[in-house]
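Below you'll find the structure, written out as structure tokens, and then a few comments.
Order of the sequence lines sets the chain letters (A, B, ...), proteins ahead of strands, with each chain counted from 1.
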Amino acid sequence: EDQVTQSPEALRLQEGESSSLNCSYTVSGLRGLFWYRQDPGKGPEFLFTLYSAGEEKEKERLKATLTKKESFLHITAPKPEDSATYLCAVQASGSGGSNYKLTFGKGTLLTVNP
Amino acid sequence: DAMVIQNPRYQVTQFGKPVTLSCSQTLNHNVMYWYQQKSSQAPKLLFHYYDKDFNNEADTPDNFQSRRPNTSFCFLDIRSPGLGDAAMYLCATSRKVTGTDTQYFGPGTRLTVL
């Protein structure tokens with residue numbers, strides 16, 4: 001069974017204090033790893049897709065990296081508006097023609113204080 | 001802007017009273033998904049439509065059903081809501097089922113069961 005574990009569950013940072021969020025995963029074969037941002041009371045907003053170990057993607061203050069067992073979301077010099085829950089999800093290579101399913105972690109609640 | 005729209009954003013129903021949640025999309029995507037997300041938990045896939053083909057997850061209760069009358073619209077019907085069905089319901093879309101493809105989420109509908 002595919003599993004995704006995110007840590008820490010919650011992280012409180014001061015503005016400008018860089019840090020990383022972790023997503024550990026177990027899948028039969030990774031087709032893609034996704035990062036989403038979710039604000040309170042809203043739907044997840046797509047950030048990145050990573051496909052293979054060693055791949056990196058950046059967007060503003062966020063940088064996502066991938067290894068064979070985990071992914072990191074690095075946040076450089078965060079601002080209060082970066083406060084949100086960050087969700088990690090994996091899509092596995094399944095049998096048959098349907099590889100649709102995303103398995104999500106519970107997320108990391110990030111709070112950035114001014 | 002192309003988007004995924006959910007109505008209503010907040011829905012209050014009574015125990016056992018049927019309720020319907022609505023999702024529409026302007027992305028012209030083939031696939032539409034319904035997820036259930038309870039507080040501080042990971043989104044859980046209920047079912048999805050690939051065009052008109054309905055695919056139910058094995059552990060989705062019979063109390064939950066869905067309709068997709070055309071490409072743009074998809075409905076989630078809860079026949080007899082229980083207190084445990086109170087949650088955020090998320091609609092998502094993607095272009096295709098097979099291969100790696102990003103799922104884009106709507107803002108969600110928060111369901112309260114009294």
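The 12-atom threshold is not exceeded at CG of B/D62, counting heavy atoms of other residues, nucleotides or ligands nearer than 6.0 Å. More than 12 heavy-atom neighbours from other residues, nucleotides or ligands sit within 6.0 angstrom of CD on A/E17. Atom CD of A/E1 is surrounded by 12 or fewer heavy atoms from other residues, nucleotides or ligands within 6.0 Å. With a 6.0 Å radius and a threshold of 12 heavy atoms from other residues, nucleotides or ligands, A/R61 has its CZ atom above the threshold. Taking a 6.0 Å sphere around NZ of A/K106, one finds it holds 12 or fewer heavy atoms contributed by other residues, nucleotides or ligands.
B/Y35 places a side-chain heavy atom less than 4.5 Å from the side chain of A/L102.
Judged purely by distance below 3.5 Å, without hydrogens or angles, the side chains of B/Q103 and A/Q91 never pair a donor atom with an acceptor atom.
Contact tally against chain A (heavy-atom pairs below 4.5 Å) for B/P43, B/S40, B/G108, B/G106: the top residue is B/P43.
A donor-acceptor pair is defined here as one N or O able to donate and one able to accept, closer than 3.5 Å; such a pair exists between the side chain of B/R9 and the backbone of A/G41.
Neither the backbone nor the side chain of A/E45 has a heavy atom closer than 4.5 Å to any heavy atom of chain B. In this structure, the portion of B/Q37 lying under 4.5 Å from any heavy atom of chain A is its side chain and not its backbone.
Pairing each heavy atom of B/M88 with each of A/K42, the nearest pair is CE-N, 4.1 Å. Here the closest heavy-atom approach between residue A/F46 and residue B/T102 is recorded as CD1-CG2, 3.4 Å. Of all heavy-atom pairs spanning A/G43 and B/L90, the tightest one is CA-CD2, 3.7 Å. Looking at every heavy atom in both residues, A/G105 comes nearest to B/A42 through O-CB, 3.2 Å.
In the hydrophobic cluster analysis, where Ile, Leu, Val, Met, Phe, Trp and Tyr join through side-chain heavy atoms closer than 4.5 angstrom, A/V27 is grouped apart from A/Y51. Connection of B/L114 to B/I78 is not established within any shared hydrophobic cluster, with ILVMFWY side chains joined at heavy-atom distances below 4.5 Å, either directly or through further cluster members. A/L11 and A/L109 fall into different hydrophobic clusters, where Ile, Leu, Val, Met, Phe, Trp and Tyr side chains are chained together by heavy-atom contacts under 4.5 Å.
The aromatic ring centres of A/Y36 and B/F105 sit less than 6.0 Å apart.
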Just do the side-chain contact (heavy atoms from CB on, under 4.5 Å) check on A/K101 and B/E57 with the steps written out, would you? CA-CA 10 Å; A/K101 189 168 184 175; B/E57 292 300 298; 3.0 Å; yes
